[in-house]
Amino acid sequence: MSNLAVVESQKLHQETSTRRTQRPQDYQQISLYKDVNPLDWEDWHWQLKHRIRSKEELSQIVRLTPEEEEGMKKASGRLSLAITPYWATLIDPQEPACPLRRQAVPVISESIIGPHEMADPCAEDRDSPAPHLVHRYPDRVLLLATEHCAMYCRHCTRRRLVGEHEVSNSPSRFDAAIDYIKSNRKVRDVLISGGDPFVLEDEEIEGLIQKIRSISHVEFLRLGTRVPVTLPQRITPELVSMLKKYSPIWISIHFNHPKEITKRCKIACDMLSDAGIPLGSQTVLLKGINDRPFIMKKLMHDLLQIRVRPYYIYQCDPVKGTQHFRTPVAVGINIIEKLRGHTSGYAVPTYVIDGPGGGGKIPIGPNYILSQAKGKYVLRNYKGKIYTYLE
Ligand SMILES: *Cc1c(COP(=O)(O)O)cnc(C)c1O
Ligand code: SF4
């Protein structure tokens, strides 16, 4: 546990201004946590160990609706209920529509399977040449480093895999995946994701990074995570200095709502950025959570403020039990329409649909080409004004 992080967090808890959150983030104001030592609160292992895992615990913090109570009974399948105390303090206890609450607390709608929903919509299991590895694009692979996360998102695309079940943690479990990458010289980019790779211990992450770094044809290495948002305490000075040794490493962080960008989250992102790690964001378009253009715009602006470059907005994949989160595609296109040209280009991510059945990410957006003939393009700009470009 670093002293720096404790000092920072105490400073944070003393601050009364809560510009971004409606509720104070002072966990000591929540009766369940009022006696927790700040050192424990800042300890990511403590946070993981004290995650909310049951209806009884959750009802001490949140006034549960019948929808949620039923949802929790049915959430006994793979995708577990797990909420870090940190995230719990951001939830509005009185408001079932709270965007942070809806991402974490199961509801009865999860047991409804929509007409086009699948267990594995992106056909990752089919495109898996070795355990824990997905190879879809010729030059890059996805390595699923763990099946665990700090918090389980109710909209998770990999809900068929992730959850709090026992998994073999033998260091040899990636041998076949590493051998596959070694023998495939076209793979120049490895994305370590999961689950969340940062729920593993530093040594395990380092072991994996070392193995990948030792493959000479792999030039680009990145990690996908949500811990800066769900468990910012995990970004310790030790972790950051370990990652720094293997520079360049890029990190993509899953952010869905401006309220997730707290001062504590900013500290975690700053530590990574200060170590020279470029940060990008990935956002899932979620009905009632971030499907209004002004919320998405605020999220993108707030991300730039903490040095995170918006990377992707995903159409919510047709995973079983996520119908209540899915918006029409037109909603996503309209969000891009309201961003492009109206704000900094850096604040505009690419909206993609992961082609069901394994098509990969397909960019979707407003159409700016009105007509196209030999040597002539008729275009419109963000204001709808028409321009002709002659080749
Ligand atoms: C998203 C993804 C990647 C990485 O795609 P980029 O567009 O390069 O970020 C690689 N493999 C799989 C299977 C993916 O789903
Ligand atoms: S952090 Fe990612 S992998 Fe984990 S539950 Fe959320 S969406 Fe799924």
Side-chain angles (χ1 to χ4, degrees), residues 48 51 75 78-84 87 100 102-106 110 120-130 132-165 177 181 186-200 218-231 234 250-256 260 278 280-286 289 309-317 319 321-322 325 349-363:
L48 278 186
R51 286 181 300 176
R78 267 234 148 158
L79 192 70
S80 330
L81 167 76
I83 303 174
T84 53
W87 185 277
L100 280 77
R102 287 197 51 221
Q103 288 184 66
V105 180
E110 270 184 41
D120 178 18
C122 305
E124 293 183 333
D125 296 342
R126 195 198 59 204
D127 285 346
S128 176
H132 314 291
L133 196 71
V134 183
H135 191 185
R136 167 145 314 141
Y137 304 100
D139 73 330
R140 51 206 193 279
V141 292
L142 166 65
L143 184 70
L144 304 174
T146 170
E147 300 180 357
H148 294 162
C149 300
M151 182 192 91
Y152 294 103
C153 313
R154 305 323 303 174
H155 54 271
C156 180
T157 284
R158 298 208 181 98
R159 59 191 299 140
R160 72 185 188 284
L161 297 174
V162 305
E164 287 300 297
H165 49 279
I181 302 170
K186 282 189 188 147
V187 177
R188 46 161 285 284
D189 172 358
V190 176
L191 162 55
I192 304 177
S193 183
D196 199 313
F198 288 130
V199 299
L200 299 173
V218 175
E219 53 186 34
F220 193 56
L221 181 55
R222 46 180 163 162
L223 290 120
T225 179
R226 207 176 186 196
V227 299
V229 180
T230 54
L231 178 66
R234 174 64 186 101
W250 292 54
I251 292 183
S252 299
I253 309 172
H254 180 168
F255 277 98
N256 292 335
E260 296 169 5
S281 71
Q282 315 203 77
T283 297
V284 184
L285 179 58
L286 297 168
I289 292 178
R309 162 71 158 109
Y311 183 40
Y312 281 134
I313 292 178
Y314 294 99
Q315 173 68 4
C316 181
D317 288 329
V319 191
T322 57
F325 282 125
T350 307
Y351 174 44
V352 292
I353 297 182
D354 218 320
K361 298 175 183 71
I362 302 170

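Start at 1 and go down the list; that is how both ligands and their atoms are numbered. Hydrogens, waters and symmetry mates are skipped; everything else that's a heavy atom, side chains included, is used.
Counting atoms of ligand 1 from 1 in the listed order, those under 4.0 Å from a heavy atom of Val134 are 13 (C). Of all atoms in ligand 1, numbered sequentially from 1 with element shown, those under 4.0 Å from a heavy atom of Tyr312 are 6 (P), 7 (O), 9 (O). Ligand 1 places these atoms under 4.0 Å from at least one heavy atom of Tyr311: 6 (P), 7 (O), 8 (O), 9 (O).
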Practice prompt. In sequence, state the C-alpha distance, the side-chain angles, and the governing distance for Asn256 and Thr283, and then conclude on side chain to side chain donor-acceptor pair (under 3.5 Å).
Written response: CA-CA 5 Å; Asn256 292 335; Thr283 297; 4.6 Å; no
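Of the possible donor and acceptor atoms, one in the side chain of Arg234 sits under 3.5 Å from a partner among the backbone N and O of Phe198. Side-chain atoms of Arg136 come within 3.5 Å of backbone N or O of Ala123 as a donor-acceptor pair.
Between Asp125 and Arg160 a salt bridge is recorded (basic side-chain N to carboxylate O distance below 4.0 Å).
Any protein N/O/S atom under 2.8 Å from atom 4 (Fe) of ligand 2 was counted, giving 1 altogether.
With sequence neighbours excluded, the residues forming a ring pair (Phe, Tyr, Trp, His ring centres under 6.0 Å) with Phe325 are His155, listed by chain and number. Residues that satisfy the ring pair (Phe, Tyr, Trp, His ring centres under 6.0 Å) test with His148, not counting sequence neighbours, are absent from this structure. Residues forming a ring pair (Phe, Tyr, Trp, His ring centres under 6.0 Å) with Phe220 (at least two apart in sequence, or on another chain): Trp250.
Inspection of the Thr157 and Asp317 side chains reveals an N or O donor paired with an N or O acceptor under 3.5 Å.
Using 4.0 Å as the threshold, Arg222 has a heavy atom nearer than that to some atom of ligand 1.
Considering every non-hydrogen atom in both Ala150 and Leu48, the closest pair reads CA-CD2, 3.9 Å.
For atom 15 (O) of ligand 1, the nearest non-hydrogen atom from the set Lys361, Arg136, Glu124 comes from Lys361.
Considering backbone and side-chain N/O of Asp354, none are found under 3.5 Å from N/O of ligand 1.
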